[in-house]
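What follows is one structure encoded as structure tokens, with my remarks underneath.
Everything numeric in this text was worked out from a predicted model, so none of it was measured. No hydrogens, no waters, no symmetry mates; every other heavy atom, side chains included, goes into these values.
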Amino acid sequence: MDHIDHVLVVDDDREIRDLVSSYLKKNGLRVTTAADGRQMRSFLETDRVDLIVLDVMMPGDDGLVLCRELRAGKHKATPVLMLTARNDDTDRIVGLEMGADDYLAKPFVARELLARIKAVLRRTRMMPPNLQVTEAGQLLAFGDWQLDTVARHLLDRDGTAVALSGAEYRLLRVFLDHPQRVLNRDQLLNLTQGREAELFDRSIDLLVSRLRQRLRDDAREPAYIKTVRSEGYVLAMPVEIVTARE
């Protein structure tokens with residue numbers, strides 16, 4: 001039986017929940033709705049979803065708080081698309097910094113929301129080119145780090161796991177699949193987000209900064225992700241596929 005993508009819509013506006021749910025269901029998706037963070041948590045305790053549509057402006061824990069909570073817990077790899085009534089670069093940047101995979105401002109056209117959901121799901125499932133890791137138990141090793149491509153987190157030299165957001169994971173995969181090769185911002189946007197997201201060059205700089213923090217890389221003299229002036233970024237380390245120890 002073919003898999004039907006399951007979307008969780010979290011929004012305190014009942015009318016929006018009902019409209020979005022009805023439209024997505026008509027277009028072949030399975031949909032569950034939640035009015036706030038409490039209902040979202042309750043549902044996710046027992047069920048899994050393929051993507052979460054999360055409103056920013058909600059009473060109690062807002063969408064940014066909930067997104068940060070998702071990224072710190074067992075749902076860190078679940079894609080998050082954020083909705084907001086505000087539409088400026090600052091809010092979009094904050095959403096990205098919290099780990100959101102995409103951002104859509106209200107009011108929006110339902111067809112655009114569907115297109116964004118499909119684009120995020122497609123990007124999440126798309127394996128980057130080159131180093132194809134298909135067997136469980138294989139890791140990508142570089143410098144003092146290893147990337148677990150199944151659990152989607154980093155492992156330091158002591159084997160301690162470091163969580164990554166969905167956007168951070170995709171960006172690191174692109175660098176690991178193209179080691180020691182300069183990639184400009186336009187290439188990184190296309191490989192990590194796709195032009196459907198309509199993101200901006202600055203978002204790549206923010207993601208690189210966050211990724212350097214995860215790698216404990218010196219921002220002034222980074223050893224892993226180096227800045228090439230007027231060109232872009234490069235992963236300076238060689239990469240190899242290794243088998244995880246049992």
Side-chain angles (χ1 to χ4, degrees), residues 52 54 56 62-82 89-103 120 123-124 128 131 139-193 197 199-229 231-239:
I52 299 172
L54 186 58
V56 171
D62 65 24
L64 296 175
V65 170
L66 295 176
C67 184
R68 184 169 55 215
E69 179 182 309
L70 289 167
R71 289 295 172 248
K74 64 180 180 179
H75 302 288
K76 59 180 175 291
T78 302
V80 173
L81 189 156
M82 303 202 75
D89 286 350
T90 299
D91 290 322
R92 295 174 70 183
I93 290 171
V94 172
L96 291 167
E97 288 179 335
M98 292 298 103
D101 294 270
D102 201 356
Y103 210 88
V120 170
R123 294 196 303 266
T124 300
L131 290 176
L139 310 170
L140 294 178
F142 59 107
D144 292 332
W145 294 94
Q146 294 181 333
L147 179 69
D148 186 326
T149 60
V150 176
R152 296 165 70 94
H153 59 223
L154 281 165
L155 296 169
D156 65 17
R157 63 167 61 185
D158 298 319
T160 302
V162 176
L164 296 172
S165 72
E168 291 165 353
Y169 173 81
R170 288 196 303 276
L171 180 61
L172 181 56
R173 276 306 308 266
V174 169
F175 280 125
L176 295 179
D177 289 330
H178 303 84
Q180 299 172 307
R181 173 183 168 186
V182 177
L183 299 171
N184 62 40
R185 290 177 177 82
D186 196 57
Q187 290 172 316
L188 291 171
L189 278 169
N190 280 298
L191 289 168
T192 59
Q193 302 291 343
L199 294 178
F200 38 91
D201 289 355
R202 179 60 178 156
S203 68
I204 288 295
D205 297 331
L206 288 167
L207 283 176
V208 168
S209 177
R210 281 167 42 192
L211 197 51
R212 282 172 172 162
Q213 292 176 23
R214 298 285 188 265
L215 295 170
R216 301 163 194 163
D217 216 2
D218 187 336
R220 294 183 177 180
E221 296 184 9
Y224 289 92
I225 302 174
K226 294 182 177 293
T227 301
V228 181
R229 187 177 297 276
E231 292 190 48
Y233 297 100
V234 60
L235 179 75
M237 297 283 178
V239 180

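- Residues D217 and A223 come closest through the heavy atom pair OD1-N, 2.8 Å.
- Considering all non-hydrogen atoms of both residues, R71 and S165 come closest at CD-CB, 3.5 Å.
- Put simply, the side chain of L211 does not reach to within 4.5 Å of the side chain of V208, judged on heavy atoms.
- Taking all atoms of both residues into account, the shortest heavy-atom contact from H178 to R181 is CD2-NH1, 3.2 Å.
- Using a 4.5 Å heavy-atom threshold, the side chains of L64 and M82 count as touching.
- Atom-to-atom distance recorded for L235:CG and L183:CG is 9.5 Å, nearest 0.5 angstrom.
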Worked verdict on W145 versus R216 for side chain to side chain contact (heavy atoms under 4.5 Å, CB included): CA-CA 10 Å; W145 294 94; R216 301 163 194 163; 3.7 Å; yes
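- Partners of T227 according to the side-chain hydrogen bond (donor to acceptor under 3.5 Å, both in side chains) rule, which considers only residues two or more places apart in sequence or in another chain, are R212.
- With values rounded to the nearest 0.5 angstrom, I204 atom CD1 is found 5.5 Å from L171 atom CG.
- Put simply, the side chain of E221 never gets that close to the backbone of D218: no donor and acceptor are under 3.5 Å apart.
- Closest non-hydrogen pair, L176 versus F142, comes out as CD2-CD2, 3.5 Å.
- Qualifying salt bridge (Lys or Arg N to Asp or Glu O under 4.0 Å) partners for E69, counting only residues two or more places apart in sequence or in other chains: R41.
- Pairing each heavy atom of Y224 with each of M237, the nearest pair is CD2-CG, 3.6 Å.
- At distances below 3.5 Å, at least one donor-acceptor pair connects side-chain atoms of D156 with backbone N or O atoms of D158.
- No side-chain heavy atom of V162 sits less than 4.5 Å from a side-chain heavy atom of L215.
- Here the CG-CG distance, from L155 to L139, works out to 6.5 Å after rounding to the nearest 0.5 Å.
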Residues R173, T149; criterion side chain to side chain contact (heavy atoms under 4.5 Å, CB included); working and verdict: CA-CA 9 Å; R173 276 306 308 266; T149 60; 3.8 Å; yes
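- The side chain to side chain contact (heavy atoms under 4.5 Å, CB included) test applied to A163 returns K76, not counting sequence neighbours.
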L154 and L172: CA distance, side-chain angles, deciding distance, side chain to side chain contact (heavy atoms under 4.5 Å, CB included) verdict: CA-CA 10 Å; L154 281 165; L172 181 56; 3.7 Å; yes
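- For the residue pair H153 and L147, the shortest heavy atom distance occurs at O-CD1, 3.6 Å.
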Test log, rule side chain to side chain contact (heavy atoms under 4.5 Å, CB included), inputs V174 and L188: CA-CA 8 Å; V174 169; L188 291 171; 3.9 Å; yes
